[in-house]
Structure formats: C-alpha cells, structure tokens
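Below: the structure, in structure tokens.
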2 protein chains.
Amino acid sequence: MAKQKELISNLHIPGIVPSISIDCVVFGYLEKKLHVLLIKYKDTQSWTLPGGFLYEGAEMDETATNIVSSRTGIDNVYLNQFYTFSSLDRHWKHKKKDWECLQTLLAKLPERDQKPFEELMIQRYISTAYFVLLNAAEVRVKPDIHGQLCNWISLSEIPELVLDHNEIVNKAIRALRKRLNFLPIGKTLMPEKFTMSDFQTLYEAILGKYLDRGNFQRKIMKLGFLIRHEKLMTGAQNKAPYLYSIDHEVYDKLVAEGIGF
Amino acid sequence: MAKQKELISNLHIPGIVPSISIDCVVFGYLEKKLHVLLIKYKDTQSWTLPGGFLYEGAEMDETATNIVSSRTGIDNVYLNQFYTFSSLDRHWKHKKKDWECLQTLLAKLPERDQKPFEELMIQRYISTAYFVLLNAAEVRVKPDIHGQLCNWISLSEIPELVLDHNEIVNKAIRALRKRLNFLPIGKTLMPEKFTMSDFQTLYEAILGKYLDRGNFQRKIMKLGFLIRHEKLMTGAQNKAPYLYSIDHEVYDKLVAEGIGF
DNA sequence: ATTTATTTTGTTAATTTGACAAAATAAATC
DNA sequence: GATTTATTTTGTCAAATTAACAAAATAAAT
C-alpha cells in the first residue's frame, strides 16, 4: 500500500482546508501573442503562479475566481479546472532556490509567525489547477499587493518558476490546445472588436502552427458567428481591415458542439 | 472573499491527508456493453464508487491504482484523472439516505470509534476523480471486502449513488467521450483477441451512436494497428468473423497523435 | 493616377465522409 | 454436395472538406 516516507503532521491555519491550494494559469492575448499572468516576490528572484488557499466555506471555482479577480479586477472570468497536482515533492524545501526564497519572505513576517509559517510551507500541498481565459485589454493588473509584482509574460519568455509551476503551465497549454474546439476563445480572449488576422494569429499561437489565411477566413465566415463592422483605420498606406465582433447566440451553440480545427 | 458558513474544525486520521479522497470510475467492457464497477454496502441500500483516502506519503496516481487493484487484483491499469470535486455539499449529512446509511455502518464499529468516525464523515471532502480503463475479462472481482459488495453494472442500470457519485460517473462518461481519440481503448478495454464487430460496438457504446459497419471496418484497417488472426468458430451457421489483436507499436503512436472519430 | 499592403475570393486536386448495395465467405444443415 | 444463413468484406458514388496557391479587389496614402 502507500509508502509513508515522511510522516509530517498536518498543520493548518484555522478556517482553511489544510494541504490544499489552488493555482491559476491566466491566459491573455496581447500584442498578437499569448501571455500568462505571473507573480514575482519582491526582493527575490522567484516567480510563481497566482494562487491561494481554499477556505472551508468556499468552493474551488469561487476561490479561483477570487484569486484572479484580486489581481485583475475582473470578476467574471472563464474558468477551466484541468488537473490536480499531488507530487510528494510539492513543498518549498524540495528545491534550493525555493527554500532560499521562502527564507527571504519569512524574514519579513513578525517573529512569532515565522516558525509556524515555515512549517506550513514544508508540507506537501495538493494543488488543483485552473486555466483562465480573459480579455487582457480589459484588465488593469494590480502590479503590487503584499509585496508581489504581477506581470503579463509571453509564453516564450516564461522564467523558472517556484515548485512545479513550470510543469503546471505546460500542462495548461496542452489542455488549452486539446480543448480548443470547445473553448469560447473568441469571447474570452479577444477584445470586443478585432480584425480577422488578429483572430487567426490567436489560433496560430495556441495551435503553434501556421494556418492559411484564405482558408481560415473562409472557414470562420462560413461558421457564421462573426459580425462584420466598419473598417479599422490605422493610417497605413493600405487597405483597412474590417473589424469583427462575436454573435454570442450563434457562437455559444457552436462552442458547445465543438468548432472543428 | 470566501464565505465561511460552517466553520468545522478539520479532524483527521493520523497519516492521512485530511479532507481529501480519491474516487475511481472503473470502466470495463462486458457482453457488448460498457460497465462500471460499483460497491454496495452490506445491510444498506446505498451504492458507491470505489474510493479511499490519500495517505501522506502517497501520490494520487498510486492511490488510485491501489484502490482499483484491491478490488480487481489487477495492478497495471490505465488511469486518467479527470476532475476534482469540491462542492460544499460533499458530506454524508447532506442527503437523508446517505445519513441513514452512515448510521448503519457506524453501528458496526467498536463503540469508541463511532463518534470520531461520524465527525470525519460530516466534513466536506475534496475528491479527485479518476476514470480507469481495464480489460474486464482479466478481472476477478473480489466480491466482498469489509462488508462491501463489488459488482459490474452496465451504464443503463446505474442506481442512485452516495453523495455526488452519480455526477462523478456522468462527468467520467463525458470525459471518456471527449478524450476518446487519445485513449488506448483498444489495448485497455478489449481482450487480447476480439472481432471487428465487437470493437465497433465498443465505439458505439462510448459515442452513443450508430456507426456504419463497412465504413468503420475500412477506416480501422486503413489505420493499420490491427493484426488479423484465425477465425472465431462459434458453431453458428454463418461465416466466422476474423479475430484481431493490437499491434502495440503502431497503436501507441496513433493514440498519441489522436485517432480521429 | 499610382503605390502599397492587406483582405477577399477563386480554382483545383486530393482526401475524407456518408450512405447504401453487392459480393464473398464459411459453417452448419439438409 | 448443394443450400441456407448470417456476417464480413469490398464497391460505388455523390457530397463535403481540406490544402495549397493564385489572382483579384480594396482603399488609404502618396
């Protein structure tokens, strides 16, 4: 049966479900690239996903929503729970860099809280992970709370993260790709109005491959969930692209059945 | 932030991660139908999924494997973690029938264990759920352990289950359907050798729709992961169907990329 | 009017899907 | 040994989809 290598007694803060946390991989689409919301602890070199504990009176979805909204100010986000991580290495003593980061953070706490908090962090945590889709243009990121810096980072520039958070991000991207056909990325990741090529670039960013412009446009328009508006005047010396928006009624139905790509 | 309706202190059994459990939806293919492994508590009318607690030294995957192997004797099963359930109603006091069942079970315990065990069961549990695919023909179900009866039940005959276990089963079926193209159902659910029509019936059972026999056969054979063997002699007055088995090397590659259906 | 970059539509071959029908098969029975 | 029977296997063909390129249309600025 189960091995019991280290039998650590389970400490916890009253009112909080012990041993459980929630982590969120928040996707946003900025400057034609997919970005993820990451946190950096001040005075350290450690980055982390936005996350938090689960309160005893709270549902997980609610908690994930709160985590995201406290950073972004947006409170109706598209949530997708994709995996629960439970590796025995999920504690702050496993990697040297994490341990050092923790010491720096502990030093800022009142003396009497340091020991208990440290003990909390060397327990193995089970973390249920969500990916979250939101319209980055609407977001006003709160850059600094509790000495944590919040930033949009593009997928190609993700630094080393705390614990197994890199693995979580990677798994989130794979989940995003796999579920793409059933996700309302048009509603959630795009601004109110957008150009066709912008929409295509989003698909390309998620799928990680080039799509034919002509074929993409024809396919999307045939699905019939885009409403064409006036053109976007950039001041450039070329034809202005049309702007499009989503016909929500049509789109919701299509997404429920799955948009084949 | 999080509401704290009922602030119950978190009790737990030493060595076990508090508030967390694992539940398994075990799929098997029997008599041309999909079945699920269910448990019935003796002397009650309550059915449940096979499940258990998470030990502090154990990974979740390992735990799910143990749960299944203790019931079936099989210890290399195909696991797929699909969701973590955290509703505030996930405790044995929520539904009257569950509560009565619990009382019956408690009565069988030694006096001194009754109160503590009851207190454990009225806490909200977070349950990470797996679906498991295995070859039902290999399984020798252990029908009775700890006063629990273990049975294969076909999807159309699933009774009312304890807690939110019906919801868990339904979500497992939906997950099975959605991930079908990436699941090695041929290796895991079918016996060593099988007929084409049997294989087709499996697909039909999962997808819940009729498939054209000719087209199915052509498509599968074109994929090239089936090896044809001798015919199956049933004694019936008709052409004997060929038996097929899986070419694992080819199949694994195809499943990794996704077999389109 | 011309330049320019981008959108939009066309075209075509190749492939896949869906629906149905016909042929082949082989064991058992008469 | 011919016949019956149920099932597998192959055939056909129209319709739809995909993939890859090419050409045309567009409109703002020069």
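Labels below follow one simple rule: chain letters A, B, ... track the order of the sequence lines, proteins then strands, and each chain is numbered from 1.
- Rounded to an integer number of Å, the gap from B/Gln217 CD to C/dA22 C1' is 15 Å.
- Residue A/Phe216 contributes atom CZ, which lies 17 Å from atom C1' of D/dT17 at whole-angstrom precision.
- Of the candidates C/dC20, D/dA19, C/dT9, D/dA19 carries the atom nearest the A/Asn215 side chain, counting heavy atoms from C-beta on.
- Where A/Lys222 and B/Ser197 meet DNA chain D, the nucleotide closest to each residue was compared, and B/Ser197 sits on the side nearer the 5' end.
- Around NZ of A/Lys33, the count of heavy atoms belonging to other residues, nucleotides or ligands within 6.0 Å does not exceed 12.
- Between A/Tyr203 atom OH and D/dT18 atom P the separation is 13 Å, expressed in whole Å.
- With no hydrogens or angles considered, no side-chain donor-acceptor pair links A/Arg90 and A/Tyr125 at under 3.5 Å.
- The phosphate of D/dA25 has neither OP1 nor OP2 within less than 4.0 Å of any side-chain N or O from A/Tyr242.
- Close to D/dC21, at under 4.0 Å from its OP1 or OP2, lies no side-chain N or O of A/Arg218.
- Distance A/Leu223 CG to D/dA16 C1': 14 Å, rounded to the nearest Å.
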Please assess A/Glu204 against A/Thr201 for the test side chain to side chain donor-acceptor pair (under 3.5 Å), listing each intermediate value before the final yes or no.
CA-CA 5 Å; A/Glu204 291 180 335; A/Thr201 310; 4.6 Å; no

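- A/Phe82 has its ring centre no less than 6.0 Å from the ring centre of A/Tyr130.
- Nucleotide D/dT26: paired with C/dA5 (Watson-Crick or G-U wobble, both distances less than 3.5 Å).
- The listed nucleotides are D/dC21, D/dT9, C/dT16; the one nearest the side chain of B/Arg228 is D/dT9.
- Whole-Å rounding puts the A/Met221 CE to C/dG10 P distance at 14 Å.
- Across the protein-nucleic acid pair, B/Lys209 atom NZ and C/dA19 atom C1' stand 14 Å apart, rounded to whole Å.
- Rounded to whole angstrom, the span from the CG atom of A/Leu211 across to the P atom of D/dT18 amounts to 12 Å.
- Distance from the side chain of A/Asp212 is smallest to D/dC21 among C/dT9, D/dC21, C/dC20.
- In this model, the phosphate group of D/dT9 is approached by a side-chain N or O of B/Tyr244 to a distance below 4.0 Å at OP1 or OP2.
- Regarding A/Ile259, its CD1 atom lies at a distance of 13 Å from the P atom of D/dT18, rounded to whole Å.
- Between A/Trp152 and A/His35, the two ring planes are perpendicular [angle over 60°; tilted spans 30° to 60°].
- Note on B/Phe199: nothing from the nucleic acid sits closer than 4.0 angstrom, heavy atoms only.
- Dashed line: the shortest gap from a side-chain N or O of A/Lys219 to OP1 or OP2 of D/dT18 is under 4.0 Å.
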